[in-house]
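Worth knowing before you read on, the calculation uses all heavy atoms, side chains too, and leaves out hydrogens, waters and symmetry mates. Read the numbers this way: they start at 1 and go in the same order the structure lists the ligands and their atoms.
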Amino acid sequence: MRIAVVGATGMVGEIMLKVLAERNFPVTELIPVASEKSVGKEIEFKGTKYKVVGLQTAVDMKADIALFSAGGETSLVWAPKFAEAGTTVIDNSSAWRMDPTKKLVVPEINASELTKEDKIIANPNCSTIQMVLALAPLHKKYNVKRVIVSTYQSITGTGVKAVQQFENECAGVEGDMVYKYKINRNCIPQCDSFEDNGYTKEEMKLVNETKKILGDDSIKLTATAVRVPVVGGHSEAVNVEFSNNFDVNEVRTILHNTDGITVQDNLDTFTYPMPRYAEGKNDVFVGRIRRDESQANTLNMWIVADNLRKGAATNTIQIAEYLIASKLV
Ligand SMILES: NC(=O)c1ccc[n+]([C@@H]2O[C@H](COP(=O)([O-])OP(=O)(O)OC[C@H]3O[C@@H](n4cnc5c(N)ncnc54)[C@H](OP(=O)(O)O)[C@@H]3O)[C@@H](O)[C@H]2O)c1
């Protein structure tokens, strides 16, 4: 497979290269792509050095698959050009996620919807992926009625410039600010920009993408997304009301038996998911699984994942693996 990685010099792009190598993805030629300022830079992949190329050069090279993580604007303009050249695009930005003609895929849940005709495939938002992976098997069994989610999101979710801001603050150095406020020793209740309804884009992504992936518009969701001074991954406090009653131990078993989920839930040993320990791992970690005693058929859980891995690079590469295994590319 000839694989283009668009945004190869960014936070997600760098992890994509790592995950491709770790999973022994069948790359015969790597085409690293970034903005004009990075063209000519060298990127190392599995011991070989590759030169970064620009977008048009990459289109002309007609890769089999292009893994995009270079922002929504780049995807809107360039994904169709790659697709027209015969390259299947898997896109990490929000550009195509809610387009009714594009599939929004978490492989463990809905990869079977993919066909040869899908030339631009959308990867969901990082905070959606980790939540929906836990919700999907529970929805099947108990039917999700309503979800209330509060997120505690890593600064790595905002890219290299945000990590730089955080490091500057820690070192007492003045530098460019990506967030409106200092992030060190702070919580910022704004992830992405605000929409007219008073919610942020990140909050509305959780609402809209979850319904699309689970294929159920009747699910009610509401979200509060908060940026915290953490680097290892996103955490989420998720409150779920089901139509049907459940047994907490059965919930644990269902989650334990779900591909891509590791249950970490033992109060005797103080075992629960934390971003420091999720960092660098591909799984979604679920713990603090307990009944909401204030309302019938309602569950609380705490979900953590490395947003650069399952929230972005790993999920994208799993989609690519599915395409290859199913001979769709
Ligand atoms: N971080 C996350 O947790 C996460 C999770 C899911 C999805 N995403 C999405 O993934 C994308 C990248 O995020 P990131 O965190 O990796 O950001 P980042 O660290 O800022 O990296 C951005 C990458 O895009 C490239 N790029 C920017 N403008 C470009 C242009 N006009 N043409 C070609 N390449 C361009 C950059 O190249 P240069 O180095 O040359 O500027 C860099 O490689 C975004 O769409 C983001 O929403 C991020």
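- Near ligand 1, residues Gly7, Ala8, Thr9, Gly10, Met11, Val12, Ala34, Ser35, Lys37, Ser38, Leu55, Ser69, Ala70, Gly71, Thr74, Asn92, Ser93, Cys126, Thr156, Gly157, Gly159, Val160, Asn307, Leu308, Gly311, Ala312 come within 4.0 angstrom through at least one heavy atom.
- For Arg227 and Tyr181, the positive end is not near the middle of the six-membered ring at less than 6.0 Å and at most 45° from its axis.
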Pairs under 3.5 angstrom only: tabulate donor-acceptor contacts from the side chains of residues 57-83 to other protein residues two or more places apart or in another chain.
{"unit_1": "Asp60", "atom_1": "OD1", "unit_2": "Gln56", "atom_2": "NE2", "d": "3.0"}
{"unit_1": "Asp64", "atom_1": "OD2", "unit_2": "Arg2", "atom_2": "N", "d": "2.7"}
{"unit_1": "Thr74", "atom_1": "OG1", "unit_2": "Ala70", "atom_2": "O", "d": "3.1"}
{"unit_1": "Ser75", "atom_1": "OG", "unit_2": "Gly71", "atom_2": "O", "d": "3.2"}
{"unit_1": "Ser75", "atom_1": "OG", "unit_2": "Asp91", "atom_2": "OD1", "d": "2.6"}
{"unit_1": "Ser75", "atom_1": "OG", "unit_2": "Asp91", "atom_2": "OD2", "d": "3.4"}
{"unit_1": "Ser75", "atom_1": "OG", "unit_2": "Ser93", "atom_2": "OG", "d": "3.2"}

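- By the side-chain contact (heavy atoms from CB on, under 4.5 Å) test, Asp118 pairs with Lys103, Leu114, Thr115, Ile121, sequence neighbours left out.
- Asn125 and Lys201 share no donor-acceptor pair across their side chains, judged by distance under 3.5 Å alone.
- Between Phe45 and Leu30 there is a side-chain heavy-atom pair separated by less than 4.5 Å.
- Listed by chain and residue number, Asn249, Asp265 satisfy the side-chain hydrogen bond (donor to acceptor under 3.5 Å, both in side chains) test with Arg252 (two or more places apart in sequence, or in another chain).
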